[in-house]
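I have placed the structure first, in the form of structure tokens, so that the comments after it can refer back to it.
FYI, side chains are in, hydrogens and waters are out, and symmetry mates aren't considered; it's all heavy atoms of this structure. Just so it is clear, the structure is predicted and the values come from calculations on it, not from any experiment.
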Amino acid sequence: MKESRIPVGAKRKTSPYSQSPFQVLTCGLGGGILSSATAFYFELGGEWFLITNWHVVSGRNFLTGERLGKAGEPLSLVLKLATYDWGECKDGEFVIAPHNVALYEGENPIWLEHPTLGHQCDVVAIRTGRPKTCPKSMHNAANLISTRPNSNIPIRPGGDVFIIGFPTSISVGFGLPLWKSGYIASEPQYDVDIGGKSWEFGGMVDGTRIPAFFVDAQTRKGMSGSPVFARYYGTWDMNEPYAAIDFDDPELIDRDDVVLWSEGVRFVGCYSGRIAGTNVAEAGLGLCWREEVIETICRKGKPGKNPHMRHPT
């Protein structure tokens, strides 16, 4: 089967958000494919990191450590990235081609985990830059796409989000992802409790508190590790996005710090999917790990522990 290709500079228009994520395949002993997921790049201080879920690279539930299904242990990732340097590519053309990344050096994982939560944060970062053969328009860092001046939008419950990834390994065109729409289902600035129970004094107890918020969306397998973008329509103050707007202000239309009746899009985190066997899964909710969690892992993350070996508590 021939690779799908598209000429650079073609008149076909694609969203920069569609160009951000890429599909990843996990492979076990012998190189057999175990599962598919999604990943994206994150830039911090000039360094690039591959971001996906802990359960993707480990094949285990991030809360319990139990193996997910009957698949084997992931030993490597295949990144499906755009590249100019492949096969019979002609000048000005690129294809989506496999790039192999080993997940271990000896018995030690190459990924970084959250410095305090460890694997109970279902996000990992891998220091690996975008290949030089990748077109500049493809696989840009998700947090750089939304750094335009008007992207400091209010992020509120009920707001629109788009989870961009590869449900059940489906892609379109030359390998572009699909968009699943949803809503922010909890106060995004508050951590959520997983596996807790209600009690008379409010909130949840006896659960695991994690720095994420809930998303209500009809996602499918293969979207784990997808970037999540929030979208807002309306008028807002770019310096104080939650401030009330005085529409009677005669100088409002001349203010440079206020966006008037427009659309803003912002990267807000990494999608983690539903957690099997929990009341969260029964409620049809997924998790979005906030952007600051990813930044913490990239800045202060600790080397991951081998999920298939016992460690002292």
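- Shortest non-hydrogen contact noted between P21 and T38 is CB-CG2, 3.8 Å.
- Side-chain contact between D160 and S181 is absent, with no heavy-atom pair separated by less than 4.5 Å.
- Within the model, atoms CD of Q23 and CG of L81 stand 11.0 Å from one another, a figure rounded to the nearest 0.5 Å.
- Residues V57 and L25 do not share a hydrophobic cluster, clusters being chains of Ile/Leu/Val/Met/Phe/Trp/Tyr side chains in contact below 4.5 Å.
- A salt bridge links R67 to E73: one of the charged nitrogens lies within less than 4.0 Å of a carboxylate oxygen.
- What you find for N306 and E107 is that their closest heavy atoms are ND2-O, 2.8 Å.
- Counting non-hydrogen atoms of other residues, nucleotides and ligands closer than 6.0 Å to CD of Q189 gives a total above 12.
- In the hydrophobic clustering of ILVMFWY residues, with side-chain heavy atoms under 4.5 Å counting as a link, L75 and V124 come out together.
- A distance of 9.0 Å separates NZ in K300 from NE2 in H114, rounded to the nearest 0.5 Å.
- The two atoms that bring S226 and G165 nearest to each other are OG-CA, 3.4 Å, heavy atoms only.
- Although no hydrogens or angles enter the test, the distance criterion places a donor-acceptor pair under 3.5 Å between the side chain of S186 and the main chain of F214.
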Check step by step if ring-ring contact (aromatic ring centres under 6.0 Å, His included) holds for Y232 and W261.
CA-CA 10 Å; Y232 182 79; W261 302 114; 9.3 Å; no
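- In summary, R127 and E47 engage in a salt bridge, as defined by a charged side-chain N under 4.0 Å from a carboxylate O.
- Note on I51 and I126: same hydrophobic cluster, where clusters join Ile, Leu, Val, Met, Phe, Trp and Tyr whose side-chain heavy atoms are under 4.5 Å apart, directly or indirectly.
- Taking the ring centroids of F166 and F22, they lie at or beyond the 6.0 Å cut-off.
- For R209, the CZ atom is loosely surrounded, since the number of other residues' heavy atoms within 6.0 Å does not exceed 12.
- Using a 4.5 Å cut-off on side-chain heavy atoms (C-beta onward), R130 and M138 make no contact.
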For V161 and R231, run side-chain contact (heavy atoms from CB on, under 4.5 Å): C-alpha distance rounded to whole Å, both residues' side-chain angles, the deciding distance at 0.1 Å, then the answer.
CA-CA 6 Å; V161 290; R231 182 171 67 179; over 6 Å; no
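- By the criterion of side-chain heavy atoms lying less than 4.5 angstrom apart, applied directly or through intervening Ile, Leu, Val, Met, Phe, Trp or Tyr residues, I245 is not grouped with M238; the two fall into different hydrophobic clusters.
- Taking the ring centroids of W48 and F40, they lie at or beyond the 6.0 Å cut-off.
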Do H55 and S224 pass the side chain to side chain donor-acceptor pair (under 3.5 Å) test, and can you show the C-alpha distance, the side-chain angles, and the key distance before you say yes or no?
CA-CA 9 Å; H55 79 259; S224 294; 3.1 Å; yes
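- Under the 4.5 Å side-chain contact rule for hydrophobic residues, F42 and I110 share a cluster.
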Candidate pair H308 and R60, rule side chain to side chain donor-acceptor pair (under 3.5 Å), full reasoning:
CA-CA 9 Å; H308 313 297; R60 294 176 179 268; 3.0 Å; yes
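- R255 and D237 make their closest contact through NH2-OD2, 3.3 Å (heavy atoms, listed as atom of the first residue, atom of the second, distance).
- Within 6.0 Å of the CG atom in D256, the count of heavy atoms belonging to other residues, nucleotides or ligands does not exceed 12.
- Side-chain atoms of S20 and N140 form no donor-acceptor pair, as typed in the model, at a separation below 3.5 Å.
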Using the side chain to side chain donor-acceptor pair (under 3.5 Å) rule, take N100 and S76 through it: C-alpha gap first, then chi angles, then the decisive distance, then the call.
CA-CA 7 Å; N100 296 311; S76 64; 5.8 Å; no
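- Between I155 and P188 the shortest heavy-atom distance is O-CG, 3.4 Å.
- Ionic pairing of D191 and R290 is present here: one or more N-O contacts between side-chain nitrogen and carboxylate oxygen are shorter than 4.0 angstrom.
- For Y271 and F229, the ring centers sit 6.0 Å or farther from each other.
- Residues W111 and F49 place their aromatic rings such that the two centres sit no closer than 6.0 Å.
- Residues T14 and Q19 have side chains that bring a donor and an acceptor to within less than 3.5 angstrom of each other.
- Residues F267 and Y17 place their aromatic rings such that the two centres sit no closer than 6.0 Å.
- Counting only heavy atoms from C-beta outward, the side chains of V215 and I184 never approach each other to under 4.5 Å.
- Considering every non-hydrogen atom in both I163 and A217, the closest pair reads CD1-CB, 3.8 Å.
- A donor-acceptor pair is defined here as one N or O able to donate and one able to accept, closer than 3.5 Å; such a pair exists between the side chain of E43 and the backbone of G46.
- Counting heavy atoms of neighbouring residues, nucleotides and ligands inside a 6.0 Å radius, atom CG of L29 does not exceed 12 of them.
- For D216 (side chain) and L285 (main-chain N/O), no donor-acceptor pair under 3.5 Å exists by modelled atom type.
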